[in-house]
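Naming: A, B, ... by sequence-line order, numbering from 1 per chain.
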Protein chains: 2
Amino acid sequence: MTTDFNSFFQSAITVDNVIFGFDGQDLKVLLMKRGEIPYMDDWALPGHFVKQEEDLTSAAARILEELTGLRSVYLEQVKTFGKAGRHPMGRVMTVAYYSLININAFEIRPAFIAKKATWFKVSDVLKTSLAFDHKEILVACIDRLKVKVKTQPIGFELLSEKFTLTQLKQLYESVLQHQLDKRNFRKKILSMKILIDLQESQEGVAHRPAKLYSFDSERYNRLIEDGLHFDISYPAMLA
Amino acid sequence: MTTDFNSFFQSAITVDNVIFGFDGQDLKVLLMKRGEIPYMDDWALPGHFVKQEEDLTSAAARILEELTGLRSVYLEQVKTFGKAGRHPMGRVMTVAYYSLININAFEIRPAFIAKKATWFKVSDVLKTSLAFDHKEILVACIDRLKVKVKTQPIGFELLSEKFTLTQLKQLYESVLQHQLDKRNFRKKILSMKILIDLQESQEGVAHRPAKLYSFDSERYNRLIEDGLHFDISYPAMLA
DNA sequence: AATACTTAGTGTACACTGTACGCATTCTTT
DNA sequence: AAAGAATGCGTACAGTGTACACTAAGTATT
């Protein structure tokens with residue numbers, strides 16, 4: 001009886017992690033150069049096999065930490081890819097996660113530098129090809145991020161603690177891939193009252209310094225219970 | 001070298017399918033009574049191991065067809081559950097799908113009747129417990145359905161080809177779990193111009209018969225390209 | 001010291017649509 | 001013929017999405 005089932009226990013499971021960052025200008029993704037076959041020397045998403053006694057989410061978090069040293073960052077499961085022939089080594093399913101990190105607040109771990117991990121502009125990567133079906137995985141994660149960023153306040157995860165409204169707008173524009181009207185964007189964000197005015201200004205810029213804000217997550221949670229609708233999806237907020 | 005990897009190829013993958021139906025009154029889900037250990041005699045989601053050479057999506061479709069005889073119905077992957085100890089037989093990941101079917105247009109397959117498959121009101125199931133972590137899977141699928149039904153015209157999948165506006169409203173109410181205002185709902189739906197007025201009426205009802213409509217998917221696709229925003233998420237369309 | 005340069009920051013008018021709400025209509029049943 | 005039941009329609013108001021242009025506050029240059 002159990003012998004029938006044994007044939008099913010021959011698959012491997014991997015986790016691939018699309019790590020997004022934002023450099024103030026463009027949405028970026030962290031890719032690694034493969035040092036082994038298959039797809040030797042191609043760029044790929046950071047990922048690894050899930051260990052026998054490891055939870056899926058733990059595996060995703062482990063990969064992220066090994067690569068960036070970061071713990072407890074935003075991490076979301078997106079989709080599982082399981083086409084029969086997608087991996088030359090056997091039956092391998094991969095669970096795709098994406099994470100949002102502050103690109104300035106970490107350094108790539110030494111152990112991984114050997115393997116060469118680099119930030120790429122997402123828009124550039126979309127024009128190239130990646131190892132395995134990683135291009136498809138990336139696209140799925142981008143699509144999910146686009147949807148999510150409009151209705152959940154996760155965009156802040158990509159910024160530093162303190163940020164300007166222009167930076168925030170820039171971020172939305174690079175994720176959503178279209179321009180937003182400055183005045184309407186400010187009005188909308190400020191009307192939600194989920195930002196803390198830090199009473200500080202930018203320094204070291206060659207123009208009028210902008211005011212700094214930070215995201216007030218406690219207030220956000222309170223307002224959500226009162227029926228706040230976080231929504232940055234202006235059909236015609238295009239500039 | 002390869003021996004290192006062999007230890008990873010010891011997992012099994014299953015697909016579990018949350019099959020939703022709508023009886024005109026309540027949202028329902030199809031559950032099966034387990035005929036084997038573990039969880040003998042408990043209610044569970046229809047599911048099965050994914051075969052070695054089978055795509056994930058194919059496996060989900062196969063399970064659905066074996067159980068209901070239906071092909072090419074709405075089927076969406078939701079999430080993968082992979083806690084280390086979730087299955088007593090070994091490492092088993094399960095990929096959760098949900099599907100939407102017209103509850104009236106099919107009959108449960110004989111082969112499965114032995115195992116006893118029955119429709120349950122979703123609201124009732126949420127009060128009970130299910131085999132494995134199937135309760136958690138069900139909740140994830142319900143949550144996804146709630147989100148999706150507001151912005152994609154998938155609700156029609158649960159209805160017959162011809163339906164009345166009251167039936168459609170009833171459907172939304174049972175999925176979203178709150179009442180909608182009749183007049184505003186009609187106005188909203190009709191203003192989208194995605195329904196075909198069939199110029200027919202209900203028959204056999206003990207009151208004024210309602211007009212019948214059907215969903216015009218071609219027109220919907222055209223309108224989407226022109227920027228239509230399908231959205232049935234009235235914050236205060238509550239009655 | 002004055003000027004040019006760069007980005008931050010603000011307000012108003014209009015149109016649209018979400019929202020609330022009540023009554024007449026059409027068919028069946030008794 | 002009258003009562004019962006669900007269908008089907010319209011209007012007024014408030015809120016907000018949307019479009020749109022100029023001044024303010026700094027830095028760098030001459």
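Straight-line distance from the NE2 atom of A:His207 to the C1' atom of D:dA24: 14 Å, rounded to whole Å. With rounding to whole Å, B:Gln202 atom CD is found 16 Å from D:dA5 atom P. Taking atom CG of residue A:Leu165 and atom C1' of nucleotide C:dT7, one finds them 13 Å apart after rounding to whole Å. Taking atom CZ of residue A:Arg186 and atom C1' of nucleotide D:dA24, one finds them 12 Å apart after rounding to whole Å. Rounded to whole angstrom, the span from the NZ atom of A:Lys187 across to the C1' atom of C:dA13 amounts to 10 Å. Across the protein-nucleic acid pair, B:Asn184 atom CG and D:dA14 atom C1' stand 14 Å apart, rounded to whole Å. Atom P of nucleotide C:dA20 and atom CG of B:Leu180 are separated by 11 Å, given to the nearest angstrom. Residue A:Glu203 contributes atom CD, which lies 17 Å from atom C1' of C:dT7 at whole-angstrom precision.
Nearer to the 5' terminus of DNA chain D, by closest-nucleotide assignment, is the contact made by B:Ala206 (compared with the other of B:Pro209 and B:Ala206).
Taking the six-membered ring where the residue is Trp, B:Phe215 and B:Phe156 present parallel rings, their angle staying beneath 30° rather than reaching 60°. In this pair, A:Phe106 and A:Trp119 present their aromatic rings perpendicular. The plane angle is above 60°, beyond the 30 to 60° band. In this pair, B:Tyr74 and B:Tyr98 present their aromatic rings tilted. The plane angle is within the 30 to 60° band.
In this structure, a donor-acceptor pair under 3.5 Å is present between the side chains of B:Asn17 and B:Ser99.
Within 4.0 Å (heavy atoms only), B:Thr166 reaches sugar-phosphate atoms of the nucleic acid but no base atom. Residue A:Ser191 is classed as having no contact, given no heavy-atom separation below 4.0 Å to the nucleic acid.
In the interface, the side chain of B:Arg208 is paired with the base of C:dT25 through a donor and an acceptor atom under 3.5 Å apart.
Note: A:His134 NE2 to A:Phe81 CZ = 9.5 Å, rounded to the nearest 0.5 Å.
The phosphate of C:dA20 has neither OP1 nor OP2 within less than 4.0 Å of any side-chain N or O from B:Arg183. Neither OP1 nor OP2 of C:dA8 sits under 4.0 Å from any side-chain N or O of A:Lys182. Note on A:Lys188: a side-chain N or O is less than 4.0 Å away from OP1 or OP2 of D:dG17.
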